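Atoms within a ligand are numbered from 1 in the order they appear, just like the ligands themselves. What you see is a predicted model; the values in this text were computed from it and never measured.
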Amino acid sequence: MKNNDIIHTDNINDQLKNIIKKYDQEKKLIITDHNCRKYCLPVIQEIIDDTFEIFEIKPGEDNKSLDTVKQLWSFLSEKKYTRESLIINLGGGMVSDLGGFAASTFKRGIPYINIPTTILAQVDASVGGKTGINFMSLKNEIGVFSEADHVLISEVFIKSLKKREFLSGFAEMLKHALIHNDEHYSELIEFITEYESNENLKKLNSLTKQSVKIKEHYIKNDLYDKGKRKILNFGHTFGHAFESHFNLNKNLEIKHGEAVAQGIICEIYLSHKKLNFESDKMNRISNDIKNIYKIIKPKSDEFDLIHNLMTHDKKNLNDVINCVLINNNNIPLFDQEITKDDITDALNYLNSV
Ligand SMILES: NC(=O)c1ccc[n+]([C@@H]2O[C@H](COP(=O)([O-])OP(=O)(O)OC[C@H]3O[C@@H](n4cnc5c(N)ncnc54)[C@H](O)[C@@H]3O)[C@@H](O)[C@H]2O)c1
């Protein structure tokens, strides 16, 4: 396994210069999408010399595809990239998933750096070694576990991010705090309440740092998702079902983090119902989330569709729907079985919030 190096910095260029020194004479490719080329590439312009090339991909989840990877592999092959070359993924999770996959598979693996430019990528996608693409309409169907050699995280990129994207990534930060650290959760709520009025990003680096530390804690010794890494799926059993249901069945565009935020409300409710998670805390968290995100309330005639989507969840074992729930001592537990009645109760609770 690689020695994954995660650096939080407010001086991205100096850090980057330091890292790329050892690739001085080698070919270097920056993979980025159209928006990140416009908003993020200028930030690192001073490190770019004639040993660099840029590969621009179209933004959006639809382009996290085999077609894009084929174009990228062809480019690498035609331009004679070798295992001594370097790839830099500059962008959100779409770029790091796809770029990391292309880098890890070309000639059995080229070193690569992630420079995540969205909150979601900074605290989640760029860390932990899951790379991949969508295939035959299935999300992340093809991929490999392969950690970046370095991850460079800086709030400098976040200034140009749309607020809705910001909040979507922020849901993963809330999730990290809820499974691991109550104080950090309160800090996040304080930060976002102020951010709503002044969009001041000061403090963000220290918060993303804590968030990444939590993710690292759950990945340590479980890179391949067999045990405690599953806890990072808190909010996602319902979240994934909401994402598919509202985007596909209802044609309402809902972002991943928005769906996860709603999922957290449902899974906190089931934590209370099944494991005695404190009710005051459940209500407080639900209210916090309601104040940050617009909740899309599913109607009762949609409950069956949502249940059906949950029966296809990757985390299920022997046709039983599994979820992460938090017990009355604040300990998150994975592989917690939930029934169709539990799902109905949780959706009714979501509607009551
Ligand atoms: N590998 C993992 O562990 C993991 C974890 C979570 C999510 N993911 C994947 O991450 C992807 C979602 O990532 P995302 O939310 O970062 O979305 P994204 O990469 O699609 O970026 C969202 C939008 O923001 C734009 N953008 C990115 N950075 C910007 C910036 N600084 N300023 C202005 N615009 C900017 C992009 O061009 C895009 O239009 C999904 O494909 C998901 O499957 C992977």
From OH (Y112) to CD (E147), nearest 0.5 Å: 8.0 Å

Separation between CD1 of I142 and CE of M136, rounded to the nearest 0.5 Å: 8.5 Å

Options P59, A125, S126, ranked by nearest heavy atom to atom 8 (N) of ligand 1, top entry: A125

For G92, the ligand 1 atoms whose distance to one of its heavy atoms is below 4.0 Å: 16 (O), 19 (O)

4.0 Å heavy-atom contact, K215 with ligand 1: yes

Sub-4.0 Å atoms of ligand 1 with respect to non-hydrogen atoms of F157: 30 (C), 31 (N)

Minimum-distance protein heavy atom relative to atom 16 (O) of ligand 1: T118 OG1, 2.6 Å

Close approach, G91 and ligand 1, non-hydrogen under 4.0 angstrom: no

Subset of ligand 1 atoms that lie under 4.0 Å from at least one heavy atom of D124: 5 (C), 6 (C)

Between H240 and H256, ring centroids under 6.0 Å: yes

Side-chain donor-acceptor contact under 3.5 Å, Q25 with E84: no

Separation of I268 CD1 from M282 CE (nearest 0.5 Å): 9.0 Å

NZ or CZ of K28 within 45° of F52 ring axis and under 6.0 Å: yes

Shortest protein contact, atom 9 (C) of ligand 1 (heavy atom only): D97 OD2, 3.4 Å

Contact atoms of ligand 1, heavy-atom distance to C40 under 4.0 Å: 30 (C), 31 (N)

K299 atom NZ: more than 12 heavy-atom contacts under 6.0 Å: no

For atom 42 (C) of ligand 1, the protein heavy atom that lies nearest, with its residue and separation: K139 NZ, 3.6 Å

Heavy-atom closest pair, residues F234 and S271: CE1-OG, 4.5 Å

Min heavy-atom dist K255 to ligand 1 below 4.0 Å: no

Closest approach of any protein heavy atom to atom 33 (C) of ligand 1, naming residue and atom: S160 O, 3.3 Å

Ring centroid separation H180 to Y218 under 6.0 Å: yes

L223 CG to K130 NZ distance, which is reported to the nearest 0.5 Å: 9.0 Å

For C36, the ligand 1 atoms whose distance to one of its heavy atoms is below 4.0 Å: 26 (N), 27 (C), 28 (N), 29 (C)

Protein heavy-atom partner closest to atom 40 (C) of ligand 1 - residue, atom, separation in Å: E61 OE1, 3.2 Å

Considering all heavy atoms, the nearest H176-S211 contact: ND1-OG, 2.9 Å

Ligand 1 versus E172: contacting region, heavy-atom distance under 4.0 Å: neither

Sub-4.5 Å side-chain heavy-atom contact between T131 and F145: no

For D33, atoms of ligand 1 separated by under 4.0 Å from a heavy atom: 36 (C), 37 (O)

Protein heavy-atom partner closest to atom 17 (O) of ligand 1 - residue, atom, separation in Å: G93 N, 4.2 Å

T117 and ligand 1 - part of the residue with a heavy-atom distance under 4.0 Å: both

Proximal ligand 1 atoms for N140, defined as those under 4.0 Å from one of its heavy atoms: 43 (O)

Atom 23 (C) of ligand 1 [closest protein heavy-atom partner, distance rounded to 0.1 Å]: E165 OE2, 3.7 Å

Rounded distance (nearest 0.5 Å) linking atom CG of N18 with atom CG of N11: 10.5 Å

Nearest non-hydrogen protein atom, atom 35 (C) of ligand 1: L161 CD1, 3.7 Å

Within-cut-off N or O pair, V127 and ligand 1, under 3.5 Å: no

Which of the ligand 1 atoms, numbered from 1, are nearer than 4.0 Å to a heavy atom of Y39: 33 (C)

F166-Y195 aromatic ring centre distance below 6.0 Å: yes

